[in-house]
Each structure stands twice: as structure tokens, then as C-alpha cells.
Amino acid sequence: TIFIMLIVATLPLGNRLVLVLEERFPKVDTLPEDVAGIIVLGGIVNQFVSADRGVISLGGPVERLIYLSILSQKYPNAKLVFSGGSGKLLNQNLKEADFVSPVLVQLGLDTSKIIFENNSKNTWENSVFTKDIVKPTKDELWIIITSAFHMPRAMGVFRKAGWNVLAYPVSYQTLKSSGSKIGFNFAGGMKSLALGLHEWAGLLAYWLTGRTSEFFPRR
């Protein structure tokens, strides 16, 4: 056990797993002139803590909402969508999309012009349920905003569902050099290893179940 702990604490195993995911869809340097809409995936607001404490608890990458606000200014005519329900299979009473509005207002967004999808429990349902609401055509280009490590899986399922999407990765977790650096950080090593393993397992599961056409979608 001690040997395994030392390996996790010193070798950049987790960072390497996450780095490969984050590099799959590089950041966008040149945006198109026009897009039909912008979708931001949930995983930002902890609705359970928010309901319990009476204040909004940002339990995730709030950068997704910040860039939604920025891109909405560049594309004032684009449809805006927030997609996020509850990832807890046994607790569907509280939905993330029902709690995120105050944060969007603080970022200068008019929530009356935003479409909220609050029934999805995972990334696949994000793509399918949102498609049922906005009914995009194959000619329409949509921007999808999510964390860089999660972008390969998100792009895979949205493409499989019939969307024409452009990746806009945010909320990076690693340095470009962190996949090769040796140090000593057990807590950080465990966190990145858990994050990386979870996402790679998700890619494999989605590929095996036909929710994506590629095991590791590319740009």
C-alpha cells in the first residue's frame, strides 16, 4: 500500500491521463463569423448544497458560464442553452438548471433568452434532450462549452446524436509539462488520477454502448 501511495504521489500518472484528454481538442484561436447557438454543459452548481444552505454553491468549473457570457456578446443572435439536470440516479428532486439563473444574471446574461434543459443525468442525455428542445439542422453550427478534459466525450456523443458542433474547451486542469514532471503530492496525484480514470472509463463505456462512434473522438 505504501509503495502504491508513493507511486501515485511522485509519478504524474493522473496528470498524464488528464493531459492527453485536454490536448485532444485544442483551444479555438479563430471563431466562425456566425453560429446558430451555444450550449454549456452542467456540472457547475451544486444544487443540493445550494438548497440546503440557501446560497448558490459553485461546486465546479464556473469558467463555463463566464465563457458563455463572453461568447453571447460575440454572437448576440445565437440561441443560448444550459443543459444540466441531476447526476444522482436516486435523487432527481433538485435539478442544476433550476439553480444556475442567479449566477448567469450576475454575469450579465438575460435568463429569459436562455433555454434551460433540466432533465439530463449525463452527457449523452445532454445531447439528446437538448436536441429534442432546439431541433438543430445539420447545416447549423453550434458551439459546445465544457471542461477540456471532458470535451472528447462530449464531442463524441453530440456528433453521434446528429449535432454539428464546434468544441470550445475551458477549465484546464493541467500544465502542458505536467505529464512528465515528477514531484511529491499525494492528494493532488489521487485527485488527478481519479479524474483521469473516470473520464477514460466514460469514453470506453460510451463507445461500447454505441453512444459515440469513436472511442477517442478527434478534432
Side-chain angles (χ1 to χ4, degrees), residues 1 3-27 39-48 59-64 83-92 95-96 117 119-131 144-163 165 167-176 178-183 185-219:
T1 301
F3 179 69
I4 293 174
M5 291 174 64
L6 286 173
I7 290 177
V8 173
T10 56
L11 298 180
L13 301 177
N15 281 341
R16 185 61 187 171
L17 289 175
V18 176
L19 179 63
V20 172
L21 292 166
E22 292 189 331
E23 291 294 300
R24 193 62 166 180
F25 286 87
K27 68 181 182 69
I39 304 169
V40 60
L41 302 188
I44 302 160
V45 175
N46 187 322
Q47 66 268 36
F48 303 100
V62 72
E63 294 99 318
R64 300 182 192 182
S83 178
S86 172
K88 294 184 180 295
L89 296 178
L90 301 179
N91 190 348
Q92 291 294 310
K95 308 297 182 70
E96 183 183 4
E117 184 283 305
N119 290 313
S120 55
K121 298 184 288 294
N122 51 52
T123 311
W124 169 248
E125 292 187 353
N126 287 145
S127 67
V128 174
F129 294 170
T130 303
K131 185 179 181 182
I144 180 170
I145 302 175
T146 190
S147 297
F149 72 87
H150 183 58
M151 189 58 78
R153 183 151 55 117
M155 289 295 288
V157 297
F158 270 79
R159 286 171 176 171
K160 180 71 173 183
W163 291 82
V165 282
Y168 197 92
V170 299
S171 188
Y172 286 85
Q173 305 293 309
T174 62
L175 299 173
K176 291 183 178 180
S178 61
S180 57
K181 285 187 175 180
I182 296 177
N185 185 348
F186 179 69
M190 284 295 295
K191 181 180 179 181
S192 59
L193 184 60
L195 178 65
L197 289 175
H198 176 270
E199 197 58 32
W200 280 103
L203 282 167
L204 178 60
Y206 274 29
W207 180 57
L208 292 175
T209 56
R211 292 180 172 182
T212 177
S213 299
E214 300 175 274
F215 165 62
F216 194 26
R218 66 180 68 248
R219 189 169 183 173

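Residue indices begin at 1 and follow the sequence shown.
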**Student:** Nearest heavy-atom pair of P61 and I44: which atoms, and what distance?
**Tutor:** O-CG1, 3.7 Å
**Student:** Considering all heavy atoms of both residues, which atom of E199 and which atom of F149 are nearest to each other, and what is their separation?
**Tutor:** CG-O, 3.4 Å
**Student:** Ignoring hydrogens and angles, tell me if any N or O in the side chain of Q92 forms a donor-acceptor pair with the backbone of S86 under 3.5 Å.
**Tutor:** yes
**Student:** Within this structure, what is the NE2-CE distance for the pair H150 and M155, rounded to the nearest 0.5 Å?
**Tutor:** 12.0 Å
**Student:** Scan side-chain atoms only and decide if R64 and S147 contain a donor-acceptor pair under the 3.5 Å cut-off.
**Tutor:** yes
**Student:** Would you compute the distance between atom OG of S83 and atom CD1 of I145 and round it to the nearest 0.5 angstrom?
**Tutor:** 12.5 Å
**Student:** Mind listing the closest non-hydrogen atom pair of G196 and L17 along with its distance?
**Tutor:** CA-CB, 4.1 Å
**Student:** If you draw the axis of the six-membered ring of F25, does the NZ or CZ of R219 fall within 45° of it and under 6.0 Å from the ring centre?
**Tutor:** no
**Student:** Taking all atoms of both residues into account, what is the closest heavy-atom pair of V18 and Q173, and its distance?
**Tutor:** CG1-CB, 4.2 Å
**Student:** Tell me the closest heavy-atom pair linking K160 and S213, and the distance in Å.
**Tutor:** CD-OG, 3.4 Å
**Student:** So which atom in P152 and which in L203 form the shortest heavy-atom distance, rounded to 0.1 Å?
**Tutor:** C-CD2, 4.1 Å
**Student:** So, do W200 and F216 have ring centers that fall under 6.0 Å from each other?
**Tutor:** yes
**Student:** Determine, step by step, whether N126 and S120 satisfy the side chain to side chain donor-acceptor pair (under 3.5 Å) criterion, reporting the C-alpha distance in whole Å, the side-chain angles of both residues, the deciding distance to 0.1 Å, and the verdict.
**Tutor:** CA-CA 5 Å; N126 287 145; S120 55; 2.7 Å; yes
**Student:** Do K27 and Y168 meet the cation-pi criteria used here (NZ or CZ under 6.0 Å from the six-membered ring centre, within 45° of the axis)?
**Tutor:** no
